[in-house]
Amino acid sequence: MESLRWLIDLFNANIPVGNSSLLVREVVGNIFGLASAVGGMRRKVWAWPVGIIGNLLLLTVFLGSIFDTGHAANLLGQAGRQIMFIAVSFYGYHRWKQARGSGSGTAISPRWATPRERWTLLVILVVGTIALTPLFRILGSYEPVWADAWTFVGSLLATWGMAKGWVEFWLLWVAVDIVGVPLLFSAQYYASAFMYLFYGCFTLAGFFVWWRVRNREQAIVQTAMPDPITRSAP
């Protein structure tokens, strides 16, 4: 019972920051999220289960009034996307595990999305945001509700793109952070806001890392399997 009480106290613990405070589990959840992002950039399969732990912690944070966190604002898009992250992470984990090269520890081979795939992502992002905004407003999400809907849909697409190995998924995260960071500051979720601000810079770095990996792997393939015309040239 003592150990259980200690876990409950830790679950509800706060870190004093000026006239306000931060939930320990909000900080810890974002640390797990950052670790997952690092693993994703390095194409490590363990990035998915590590991310799930962070998602479970943050799910309890963003439903502020339900879990009595001291936040009156419920960010339903932020909370809902934690559930979505968990669901898609199981898919990503199995896909990356199957694709992992023997002994290398890395999983997916990055590739550029096709023009059709890019347009599909854009249409789903815009239409999904428009469709979910009135629903989130009815359910009592924090204003501006469209920003919460944008972060939900964008996060879904970015996570799906990561599972597929599309290089562009990093840019989707940038689009999510541009809208999500001001929303989090406005709702006083400061730990998540600062972490997402850092994510914005990190995701840009991840984009260029995957871009270089894609170019390097493509060059290796072209060297190993040169163009037929080139092979037949005298």
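The structure displayed is predicted, hence computed values, not measured ones. Both backbone and side-chain heavy atoms feed into the values below; hydrogens, waters and symmetry mates do not.
By the ring-ring contact (aromatic ring centres under 6.0 Å, His included) test, Tyr93 pairs with no residue at all, sequence neighbours left out. The ring-ring contact (aromatic ring centres under 6.0 Å, His included) search around Phe198 returns none, not counting sequence neighbours. Every residue meeting the ring-ring contact (aromatic ring centres under 6.0 Å, His included) condition with Trp48, not counting sequence neighbours, appears here in chain and number order: Trp96. Considering only residues two or more places apart in sequence or on other chains, Arg214 meets the salt bridge (Lys or Arg N to Asp or Glu O under 4.0 Å) condition with none of them.
A distance of 6.0 Å or more separates the ring centres of Phe202 and Tyr199.
Transitive grouping of hydrophobic side chains (ILVMFWY, heavy atoms separated by less than 4.5 Å) brings Tyr91 and Val153 into a common cluster. When hydrophobic clusters are built by joining Ile, Leu, Val, Met, Phe, Trp and Tyr residues whose side-chain heavy atoms come closer than 4.5 Å, directly or via intermediates, Ile178 is not grouped with Phe185. Hydrophobic clustering (ILVMFWY, side-chain heavy atoms < 4.5 Å, transitive): Leu171 and Leu122 are in distinct clusters. Note on Val127 and Phe152: separate hydrophobic clusters, where clusters join Ile, Leu, Val, Met, Phe, Trp and Tyr whose side-chain heavy atoms are under 4.5 Å apart, directly or indirectly. No chain of hydrophobic side-chain contacts below 4.5 Å, direct or via other Ile, Leu, Val, Met, Phe, Trp or Tyr residues, connects Trp210 to Val174.
Note: Leu184 CG to Asp177 CG = 9.0 Å, rounded to the nearest 0.5 Å. Here CG of Leu204 is found 10.5 Å from CH2 of Trp170. Values are rounded to the nearest 0.5 Å. Going from atom CG of Asp148 over to atom CZ of Phe136 covers 6.0 Å, rounded to the nearest 0.5 Å. Thr203 contributes atom OG1, which lies 9.0 Å from atom CZ of Phe169 (distance to the nearest 0.5 angstrom). Between the OG atom of Ser36 and the CH2 atom of Trp46 there is a distance of 7.5 Å, given to the nearest 0.5 Å. Atom CG of residue Leu56 and atom CD1 of residue Ile83 lie 9.5 Å apart, to the nearest 0.5 angstrom.
Looking at Glu117 and Thr120, their side chains never bring a donor and an acceptor atom within 3.5 Å of each other.
Evaluation of the side chain to side chain donor-acceptor pair (under 3.5 Å) test over residues 125-139, restricted to residues two or more places apart or in two chains, returns Arg137-Glu143. Within the structure, salt bridge (charged side-chain N to carboxylate O under 4.0 Å, His left out) contacts touching residues 166-176 (residues at least two apart or in different chains) are Arg118-Glu168.
Within a 6.0 Å radius of CH2 in Trp211, no more than 12 heavy atoms belonging to other residues, nucleotides or ligands are found. The local environment of CZ in Phe194 is sparse, with at most 12 non-hydrogen atoms from other residues, nucleotides or ligands closer than 6.0 Å.
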